[in-house]
Amino acid sequence: MRSCAPVCGFAKLAWKGNVRAPWTPKHSGVLLRSHASCPGSSPRGWARPTGHDTGIKTYNSLTKQKESLVLRQEGVATWYSCGPTVYDHAHLGHACSYVRFDILQRILSKVFGINVIHVMVITDIDDKIIRRSLEERISATVLSQMYEEHFRQDMLALKVIPPAAYIRVTDNIPQIVAFIECIITNGHAYTTDRGDVYFDVQSIGTHYGKLVNVGDTTGESGETGKRDKRDFALWKASKPQEPSWESPWGRGRPGWHIECSTIASSVFGSQLDIHSGGIDLAFPHHENEIAQCVAYHQCEQWGNYFLHSGHLHLKGSTEKMSKSLKNYITIQEFLQSYTANEFRMFCLLTKYRSAIDYSDASMNEACSKLATISAFTHNVQAYMQNRMQCQPVQEGLLWDSLASTQASVRTALADDFDTPRAMDAIMNLIHHGNTQLQPITKSIGSPRSPAVFGAILSYIRDIMEVLGVDLVDQKKSHMMPNSGLLENVVEQLVHFRREVRNFALTPAPADTSAGGQAGRTRLHRDRQPLLNACDALRRDLATLGVHIKDRGTTSTWEVTQQT
């Protein structure tokens, strides 16, 4: 039997001499080799890779438990993710998965110093794309490119770091054809008289079902000529009005699953560190990807870690947010009411692999957390700028609290990226800071401790930026263009109001008349309208998102978004 040409020039995989592999393909004499870097194995057949142990534990869908994250190359994580099928606008369920995995990648790179090489496929040929293009009477290429651009803009609006490369399926048809040829040559796929190519699930024995115990699972609907109902299409013979490409089996197009196996192998070769996607992709998509790669590379283990994010549900519904169920909110619609920071906080408050309920209450909780952080950072700045007087600060306690928080956050993030626990630690630090940051109306000449608050502020800004929440630009992002100019205008307005208010609060001379009450401070009666005007201005500005806080004879202000 001839050997397969390696995809994109990757080296051929040698057999392991006379050592017999654990199983033999049904239709060929080829023995699948296991990676030499896999000394131990789990009950589900997963082998712990050899390489660099990052000290991070992550839940691996292959073993259904937390495993030590071991990377093949120190300081580098190869990461493949299934991107969108671009036939419509992305919705909030998509956003939840992409933002959650963006958070995980940020943690790996910015907390643990790992260079994440992330590649995402863009499915730009598919049954849904073809159907939609026929309905809209435009080409599938134009339709897919239009919605691909919408998707990219949505991801940028949500502050999702782009992958190293978006790779389109239609740009890789020759590689897909070669990949299928190799699987056929290795005895794991067959052709039909009509020109379809199917993967032979029976040929890989117990290696099918690594993610899901498939049992008597039915196959893909509407397909004929299969040997087993579980077999799935690698190549689909062309139909009238469908885009198609030449192949050894006639004109046609790729099946859904083969695109990911081919593209991931084209970039990363025969072994992948991390594969991610929504939990709904575990079967059949990821299961079939594994089968294809095992059959192509003749290896026991292709992807070492499969990470899956939980579904997003509308509150009160057990169904996932889905276009087919017509229960979705597009990302563009969502961003008309909330900010990217608020949605990211919403995602941070649950574990990435947990189902998450979307509702007004859950978004209000996220907004409240973000407002608490913003208010604290604003007060710290006011204190450091000597615009807010406080009681004496227990500086040592704050330094200890900061050190404890830094350790707790790192420990939480190393434990399967536990962002809820990390956020609890951050909010606890803010609580301790607020306890010490108690404003007083009059200065008593007590010592000040701005340095420790500066350290806390820097840490909170840094860790939130790591997670994708930008506190520095948050105030300015809520203002119009030329926000620097507008900020100076507001500052002057608040300064003018403060001067007027202090003038109005100047005590009147003591009343020494017969009926006067000695020692009681009185205000000038004719200045009361000035106080009323100051209060009215504060209320009016609050409706516009400018919140003024009077602190004795000083005032501070901040801008919040109006939704």
Checking K64 side chain against L211 main chain: does a donor-acceptor pair fall under 3.5 Å? yes

Residues 524-534, side-chain donor-acceptor partners within the protein, below 3.5 Å, at least two apart:
{"from": "R527", "atom 1": "NH1", "to": "F503", "atom 2": "O", "distance (Å)": "2.9"}
{"from": "Q528", "atom 1": "NE2", "to": "N532", "atom 2": "OD1", "distance (Å)": "3.1"}

Assess the side chains of S359 and S362: does a donor N or O sit below 3.5 Å from an acceptor N or O? yes

Using the salt bridge (charged side-chain N to carboxylate O under 4.0 Å, His left out) rule, pick out the option among D416, D415, D418 that qualifies with K66. D415

Check against ring-ring contact (aromatic ring centres under 6.0 Å, His included), F306 and H286: CA-CA 9 Å; F306 274 75; H286 293 166; 5.8 Å; yes

Using residues 112-123 as the side-chain source, report each donor-acceptor pair under 3.5 Å to any protein atom, sequence neighbours left out, with the distance given to one decimal.
{"from": "H118", "atom 1": "ND1", "to": "Q105", "atom 2": "OE1", "distance (Å)": "3.4"}
{"from": "H118", "atom 1": "ND1", "to": "Q105", "atom 2": "NE2", "distance (Å)": "3.4"}
{"from": "H118", "atom 1": "NE2", "to": "S81", "atom 2": "OG", "distance (Å)": "2.6"}
{"from": "T123", "atom 1": "OG1", "to": "E259", "atom 2": "OE2", "distance (Å)": "2.4"}

Decide whether T330 and H91 meet the rule of one side-chain donor and one side-chain acceptor closer than 3.5 Å. no

What residue pairs, at least two apart or across chains, pass salt bridge (charged side-chain N to carboxylate O under 4.0 Å, His left out) with a residue in residues 491-500? R497-D550

Pairs involving residues 397-411, ordered by first then second residue, that meet side-chain hydrogen bond (donor to acceptor under 3.5 Å, both in side chains) (sequence neighbours left out): E395-W399

Would you please name every residue forming a ring-ring contact (aromatic ring centres under 6.0 Å, His included) with Y383, sequence neighbours left out? F453

OG1 (T339) and CG (L370) are apart, to the nearest 0.5 Å, by 6.5 Å

Please determine whether side-chain hydrogen bond (donor to acceptor under 3.5 Å, both in side chains) holds for the pair Q65 and E67, giving the CA-CA distance in whole Å, both sets of side-chain angles, and the decisive distance to 0.1 Å. CA-CA 6 Å; Q65 64 187 21; E67 305 285 357; 2.9 Å; yes

For Y147, all residues meeting ring-ring contact (aromatic ring centres under 6.0 Å, His included), sequence neighbours excluded: H89, H150

Using a distance-only test with no angle check, is there a side-chain donor-acceptor pair under 3.5 angstrom linking T419 and K351? no

Above 12 or not: heavy atoms from other molecules or residues under 6.0 Å from CG of D540? yes

For Q394, is the CD atom crowded, meaning more than 12 foreign heavy atoms sit under 6.0 Å from it? no

Can you check whether F343 and F334 have ring centres sitting under 6.0 Å from each other? yes

Quick one: is the NZ or CZ of R100 closer than 6.0 Å to the six-membered ring centre of Y352, and within 45° of its axis? no

